[in-house]
Amino acid sequence: MDNKKVYVISGPTAVGKSAVAIQLAKKIDGEIVNCDSVQLYKYMDIGSAKPSEAELNEVPHHLFSIVNPDYKMTVATYQKLAFAIIDNILERGKTPIVVGGTGLYLNSIIYEMDFAGDSKDSERRKELEEMAEKMGNKYMHDYLSGIDPETASKIHPNNIRKVVRAIEAYEAGDGIKSLDTCPMNDRYDFEFYALTMEREWLYDRINRRVISLVKAGLIEEVRKLLAMGYTVELPSMKAIGYKEIAAYLAGETDKLEAVKLLMRNTRRYAKRQITWLKRYDDVKWIEIQKGDTIGDVVDRMLEG
RNA sequence: GCCCAGAUAGCUCAGUUGGUAGAGCAAGGGACUGAAAAUCCCUGUGUCCUUGGUUCAAUUCCGAGUCUGGGCA
């Protein structure tokens with residue numbers, strides 16, 4: 001393929017990525033590739049703020065609603081799926097537009113991240129988790145220091161999830177690599193954009209969106225998922241919007257409390273996304289101003 | 001109109017026997033290679049309502065004022 005241009009549109013939740021991407025796709029004959037960990041799941045439409053049915057039909061959308069909520073998704077799997085569809089789009093002479101706010105998944109496309117090794121059976125992980133439960137975080141971290149001091153030095157002992165994963169990875173013979181040792185993926189020419197807006201405005205949009213999601217039937221959606229047997233233990237059901245509403249349905253909080261938590265957690269998530277995006281030096285930031293139309297934003301990207 | 005209480009961080013409030021202050025929540029900053037909307041780390045934000053007085057020193061004590069509650073008329 002001669003043209004290897006791939007657009008990437010990221011940014012915090014609720015900034016308006018989807019709408020901008022659709023507009024861009026129309027303009028450049030592009031196709032959208034999802035890079036949002038929750039929108040990969042079926043039945044999780046409202047809470048994950050997926051594009052509407054009408055929007056999905058406006059231009060081709062890929063990797064939305066492709067697995068059941070109990071599917072054990074990993075970055076490695078996502079990467080494989082994403083590369084396959086990106087190549088497919090390019091072969092057909094169209095332009096892929098990767099859209100989403102899941103930083104790690106973004107990395108798996110933009111950087112040369114090698115996930116060649118087998119995915120590990122979860123037995124060992126479970127064992128390590130039980131060990132952590134019994135012996136404590138410090139013990140596990142010390143253990144990691146014994147076998148892989150370099151990795152251990154980069155992980156806080158309290159971040160037991162990462163400690164466990166590091167032990168698991170070490171035992172499997174791969175270890176964990178860090179991003180700074182990782183070259184850019186040069187198979188494609190990336191046009192990497194991050195949308196932002198003034199923090200206060202973004203938070204206001206988030207708060208409003210939460211209300212509109214609830215009005216659109218979020219509670220019913222969560223009730224249905226639970227009825228289908230997708231319990232709160234599943235990673236998918238720990239996503240923002242699902243965990244808070246599930247807690248409400250279980251009687252752990254009242255409705256108002258659940259909505260407030262949902263707003264707060266979404267705000268915090270947006271903040272973490274912004275922090276993540278700041279690490280890239282080759283990202284072009286586009287600050288959306290009040291009064292900008294979606295077309296204005298797209299134009300700025302194409303000028304850019 | 002009179003009486004009482006309050007006024008301190010974005011919010012709710014604690015506190016300073018007089019030496020310019022701290023909790024919770026909200027917030028800010030950061031990390032990140034197979035769960036990532038996950039997981040984890042760090043941080044405190046101030047005309048202590050205004051104004052006189054006493055004092056070496058007042059956010060703290062006293063007086064007046066303003067505002068906000070509550071009560072009595």
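Chain A is the first sequence line, chain B the second, and so forth, proteins listed ahead of strands; every chain is numbered from 1.
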Carboxylate-amine/guanidinium contact [X] [Y], below 4.0 Å:
| X | Y | result |
| --- | --- | --- |
| Lys27(A) | Asp299(A) | yes |
| Lys5(A) | Asp189(A) | no |
| Arg223(A) | Glu220(A) | yes |
| Arg124(A) | Glu127(A) | yes |

Shared hydrophobic cluster, Leu261(A) / Tyr248(A) (ILVMFWY, side-chain heavy atoms < 4.5 Å):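 Leu261(A) and Tyr248(A): separate clusters.
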Is it the case that one hydrophobic cluster holds both Ile176(A) and Leu144(A), taking links as side-chain heavy atoms less than 4.5 Å apart, direct or via other members?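 No, Ile176(A) and Leu144(A) fall in different hydrophobic clusters.
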Rounded to whole Å, how long is the line connecting atom [atom1] of [X] with atom [atom2] of [N]?
| X | N | atom1 | atom2 | answer |
| --- | --- | --- | --- | --- |
| Ile155(A) | rA35(B) | CD1 | P | 13 Å |
| Lys260(A) | rA27(B) | NZ | P | 12 Å |
| Leu144(A) | rC40(B) | CG | P | 17 Å |
| Lys271(A) | rC32(B) | NZ | C1' | 15 Å |
| Leu261(A) | rA26(B) | CG | P | 8 Å |
| Asn107(A) | rG34(B) | CG | P | 11 Å |
| Arg267(A) | rA26(B) | CZ | P | 8 Å |
| Glu150(A) | rC32(B) | CD | P | 13 Å |

Which part of the nucleic acid does [X] contact within heavy-atom distance under 4.0 Å: base, sugar-phosphate only, or nothing?
| X | result |
| --- | --- |
| Arg264(A) | sugar-phosphate |
| Val38(A) | base |
| Tyr71(A) | nothing |
| Gly47(A) | base |
| Ser48(A) | base |
| Ile176(A) | sugar-phosphate |
| Lys177(A) | base |
| Thr77(A) | nothing |
| Asn265(A) | nothing |

What interatomic distance, in whole Å, is found between [atom1] of [M] and the corresponding atom of [N]?
| N | M | atom1 | value |
| --- | --- | --- | --- |
| rA58(B) | rU20(B) | P | 11 Å |
| rA7(B) | rU60(B) | P | 12 Å |
| rU12(B) | rU68(B) | C1' | 16 Å |
| rC13(B) | rU51(B) | C1' | 26 Å |

Would you tell me if any nitrogen or oxygen in the side chain of [X] comes within less than 4.0 Å of OP1 or OP2 on [N]?
| X | N | result |
| --- | --- | --- |
| Thr74(A) | rA35(B) | no |
| Tyr170(A) | rU33(B) | no |
| Arg125(A) | rA35(B) | yes |
| Lys278(A) | rG30(B) | yes |
| Arg268(A) | rA36(B) | no |
| Tyr105(A) | rA36(B) | yes |
| Arg165(A) | rA36(B) | no |
| Ser37(A) | rA36(B) | no |
| Arg272(A) | rA37(B) | no |
| Lys154(A) | rC32(B) | no |
| Asn158(A) | rC41(B) | yes |

Strand contacts (RNA chain B) in residues 248-257 of chain A, 4.0 angstrom heavy-atom criterion: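 None, since no heavy atom is under 4.0 Å.
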When only distance counts, do a donor and an acceptor, one from the side chain of Glu129(A) and one from the base of rA35(B), lie under 3.5 Å apart?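 Donor-acceptor pair under 3.5 Å: yes.
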Polar side-chain contact Asn159(A)-rA31(B) base: donor and acceptor under 3.5 Å: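 Checked by distance alone, the answer is no.
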Do other residues, nucleotides or ligands put more than 12 heavy atoms under 6.0 Å from Lys260(A) NZ?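 No, the 6.0 Å shell around NZ holds no more than 12 heavy atoms from other groups.
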Does His141(A) use its side chain to pair, donor to acceptor, with the backbone of His156(A) at less than 3.5 Å?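 Answer holds: no.
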Regarding Arg187(A) and the six-membered ring of Phe83(A), is the cationic atom NZ or CZ under 6.0 Å from the ring centre and inside 45° of its axis?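 Flagged: Arg187(A) positioned over aromatic ring of Phe83(A).
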A cation-pi test, strictly: NZ or CZ of Arg279(A) under 6.0 Å from the centre of the six-membered ring of Trp276(A) and no more than 45 degrees from its axis. Yes or no?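 Cation-pi check for Arg279(A) and Trp276(A): passes.
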Secondary-structure notation, RNA chain B, from Watson-Crick and G-U pairs under 3.5 angstrom (| other strand): (((((((..((((.....[..)))).(((((.......))))).....(((((..]....)))))))))))).
Going by the salt bridge (charged side-chain N to carboxylate O under 4.0 Å, His left out) test, which pairs reach into residues 42-71 of chain A, not counting sequence neighbours?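 Only Lys26(A)-Glu58(A), Asp45(A)-Lys50(A) qualify under salt bridge (charged side-chain N to carboxylate O under 4.0 Å, His left out).
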Using distance alone, with no hydrogens and no angle criterion, decide if Asp296(A) and Thr293(A) have a side-chain donor and acceptor under 3.5 Å apart.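 A pair is found: one side chain offers a donor N or O, the other an acceptor, under 3.5 Å apart.
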